[in-house]
Amino acid sequence: PTSKPLPTHTHEAKFSLTPKSSITVTLDPVRITSLSSFKSLESLSSSLLDVEGGRDGVTECRLVEASSTESSYRIKYVSEGKRGRKIVDDYVEIVDGFLVVAQGEDKEGDGGEVGKVIDGIRIELI
């Protein structure tokens, strides 16, 4: 994995699956105990699409799928623009006082391989 922490993330690691697909995992301390106390799935999905749609060169951004469990959200969307098309698959969970986000990006395929990796992610802080 490569690590390039941003000032806003306590921990960040990026794993390349292929030259055009990757998984990035970030951890940030938070005071909330559940995602639903922060934002609903619909509200978070809308916020993600607004941010992505506002990026330079993005011409279209659309939600593919959004689902939730008692402790996590999963949001998948497609972004298209002057740099091409990418499928983004986000897994979001609160674990032991940390906001954990695993984001898969696929810029060449249908998102299937990235989705399989995201499906297999289990977060346990030690």
Are the side chain of Thr18 and the backbone of Ser21 linked by a donor-acceptor contact shorter than 3.5 Å?
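Present.
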Can any side-chain N or O of Ser43 pair as donor or acceptor with the backbone N or O of Lys39 at less than 3.5 Å?
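Checked: no pair found.
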For the residue pair [X] and [Y], what are the closest heavy atoms and their distance?
X: Ile87; Y: Val78; value: CG1-CG2, 4.1 Å
X: Leu49; Y: Cys61; value: CD2-SG, 3.4 Å
X: Glu93; Y: Ser71; value: CG-O, 3.3 Å

Among Lys116, Arg74, Gln103, exactly one meets side-chain hydrogen bond (donor to acceptor under 3.5 Å, both in side chains) together with Asp89. Which residue is that?
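So, applying the side-chain hydrogen bond (donor to acceptor under 3.5 Å, both in side chains) to Asp89 and each of Lys116, Arg74, Gln103, only Arg74 qualifies.
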Out of curiosity, [X] [atom1] to [Y] [atom2], how far, rounded to the nearest 0.5 Å?
X: Tyr77; Y: Glu52; atom1: OH; atom2: CD; answer: 4.0 Å
X: Glu113; Y: Ile23; atom1: CD; atom2: CD1; answer: 10.5 Å
X: Leu35; Y: Ile94; atom1: CG; atom2: CD1; answer: 4.5 Å
X: Phe98; Y: Asp28; atom1: CZ; atom2: CG; answer: 8.5 Å

Apply side chain to side chain donor-acceptor pair (under 3.5 Å) to the pair Glu12 and Thr26, showing each step before the final yes or no.
CA-CA 4 Å; Glu12 179 176 347; Thr26 61; over 6 Å; no
If the threshold is 4.0 Å, N to carboxylate O, is there a salt bridge linking Glu108 and Arg85?
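Salt bridge: no.
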If two hydrophobic side chains count as joined below 4.5 Å and joins carry through other members, does [X] share a cluster with [Y]?
X: Ile118; Y: Val64; answer: no
X: Leu63; Y: Tyr73; answer: yes
X: Val117; Y: Val25; answer: yes

For the salt bridge (charged side-chain N to carboxylate O under 4.0 Å, His left out) test, which of Glu105, Glu60, Glu80 pairs with Lys86?
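Of the listed residues Glu105, Glu60, Glu80, the salt bridge (charged side-chain N to carboxylate O under 4.0 Å, His left out) partner of Lys86 is Glu105.
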Is it the case that over 12 heavy atoms from other parts of the model lie below 6.0 angstrom from the CZ atom of Arg55?
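12 or below, so no.
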Taking side chain to side chain contact (heavy atoms under 4.5 Å, CB included) as the criterion, tell me which of Asp106, Asp119, Val88 meets it with Val114.
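With Val114 as partner, side chain to side chain contact (heavy atoms under 4.5 Å, CB included) holds for just one option, Asp106.
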Would you mind reporting whether Phe15 and Ser22 have side-chain heavy atoms less than 4.5 Å apart?
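Of all side-chain heavy-atom pairs linking Phe15 with Ser22, none is under 4.5 Å.
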